[in-house]
2 protein chains.
Amino acid sequence: MEGATVRNIAAEAGLSLGALRHYFSTQDELLAYSLKLVKERATARIREIISLDLPPREKFIKTILELVPTNQEKMAEMEVWFAFTAYFRHKPGGLDAQYDGIYPGLQKLMDYAEQSGLLPANIDKEMETERLYALVDGLALHAYLEPQRLDGPKVERVLIHHLSALMATED
Amino acid sequence: MEGATVRNIAAEAGLSLGALRHYFSTQDELLAYSLKLVKERATARIREIISLDLPPREKFIKTILELVPTNQEKMAEMEVWFAFTAYFRHKPGGLDAQYDGIYPGLQKLMDYAEQSGLLPANIDKEMETERLYALVDGLALHAYLEPQRLDGPKVERVLIHHLSALMATED
DNA sequence: TCCTTTTTAATACAAATGTATTGTAAAAAG
DNA sequence: CTTTTTACAATACATTTGTATTAAAAAGGA
């Protein structure tokens with residue numbers, strides 16, 4: 001957040017301090033708005049995939065792959081999420097930046113997978129949701145922090161491997 | 001990092017600005033040192049577990065459980081790690097705060113598990129290491145950001161579930 | 001005891017930064 | 001056309017913050 005000063009942002013936008021202040025009366029307002037923008041953009045992308053007419057298995061996998069930063073755009077979003085979450089974490093304003101809505105989304109997705117017959121009957125759905133959620137965010141974190149070790153294709157391979165194992169569980 | 005000013009830290013330590021500066025001539029030096037402290041403390045804890053005389057399976061599981069914030073102490077360390085990683089990420093100094101050494105550690109641990117006969121012969125070890133690593137850090141992240149939803153015992157259950165599945169893989 | 005080194009304190013300085021104030025131009029409304 | 005609202009700009013202000021300077025006190029060794 002070092003460079004996210006009001007002046008820098010105004011300059012980048014080609015505005016004066018006063019002009020920017022006309023729209024955002026405080027810095028946190030501005031930052032919160034930009035985080036909201038990122039969230040909306042990501043949500044729109046995912047909704048797009050869900051709306052496609054695909055076989056359930058493909059739709060399930062594609063949707064989850066969309067949650068992980070495998071290209072420049074998602075990498076930038078990850079950067080914003082990471083920095084802003086750390087920034088807003090200790091603000092008294094109660095800005096719950098941590099709640100990005102991914103968990104409830106994954107719950108729905110798991111319901112969809114189950115109803116589509118993709119999941120074995122005897123799995124512990126709550127646990128598998130939690131596990132998948134952790135795996136997704138863990139991969140996202142590592143792809144962001146160590147891109148040289150964990151590139152896009154590798155992230156995909158690990159994720160697909162996990163999903164295959166999940167859909168093939170037998171015990 | 002909002003409150004981690006030189007003055008705050010000096011006051012908390014009962015020192016004057018000059019006194020603190022006698023030991024750390026710059027703020028980043030001070031922050032880097034405190035991050036190093038946290039890292040060393042965590043490393044020591046893990047080394048302690050590894051040195052114990054336990055059955056391989058127990059040692060394997062206990063070591064991995066130690067990587068995840070299930071108590072106040074580890075939660076505080078997680079907080080430091082998160083804040084500092086975000087802080088140092090965009091510093092020109094090339095302070096690689098992201099590299100915490102957990103991945104190589106997990107590699108060794110997987111080697112140990114394999115040599116102890118805990119792992120099926122046909123697994124893709126590199127992929128399983130990556131998967132476990134992501135799961136561990138994902139759970140850590142979620143336990144930190146959403147402690148009300150994901151408490152210590154639940155983290156343990158998910159992790160143990162994963163490790164059981166890993167050690168029982170059949171395909 | 002004297003001298004050197006280490007440690008601590010007080011103060012100063014310059015730069016950055018969030019926010020407020022005031023004024024002006026453009027646009028919209030009547 | 002007049003007036004009112006919106007958009008933008010310039011400048012000012014108060015604070016915070018990292019770092020520097022200078023000097024005094026404490027500690028340790030000869």
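Per chain, numbering begins at 1; letters A, B, ... match sequence-line order.
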Check your understanding: Counting only heavy atoms not in R149(A), do more than 12 sit closer than 6.0 Å to its CZ atom?
Key -> yes
Point to revise | G-U wobble or Watson-Crick pairing nucleotide for dT22(D) (cut-off 3.5 Å, both distances) | key: dA9(C)
Exercise for review: Considering just the side-chain nitrogens and oxygens of H22(A), establish if one lies under 4.0 Å of OP1 or OP2 belonging to dA7(D).
Suggested key: yes
Review point. According to the ring-ring contact (aromatic ring centres under 6.0 Å, His included) rule, which pairs have a member within residues 12-32 of chain B, sequence neighbours left out?
Key: F24(B)-Y33(B)
Review point. Take atom NZ in K125(B); do more than 12 heavy atoms of anything else shown fall under 6.0 Å from it?
Key: yes
Point to revise | Full working for side chain to side chain donor-acceptor pair (under 3.5 Å) between K39(A) and T43(A) | key: CA-CA 6 Å; K39(A) 204 180 292 187; T43(A) 304; over 6 Å; no
Practice item. Write down the distance between CD1 (I9(B)) and C1' (dT17(D)), rounded to a whole number of angstrom. Key: 12 Å
Point to revise | Stacked cation flag R89(A) on F82(B), 6.0 angstrom / 45 deg | key: no
Check your understanding: According to a strict under-4.0 Å criterion, is Y23(B) in side-chain N/O contact with OP1 or OP2 of dT8(C)?
Key -> yes
Check your understanding: How long is the line joining NZ of K91(B) and C1' of dG18(D), in whole Å?
Key -> 10 Å
Point to revise | Test ring-ring contact (aromatic ring centres under 6.0 Å, His included) applied to Y87(B) - qualifying residues, sequence neighbours left out | key: none
Exercise for review: Determine, for nucleotides 9-22 of chain C in 5'-to-3' order, which nucleotides have protein heavy atoms under 4.0 Å from the base (write B), from only the sugar-phosphate (write S), or from neither (write -).
Suggested key: B--B----BBBB--
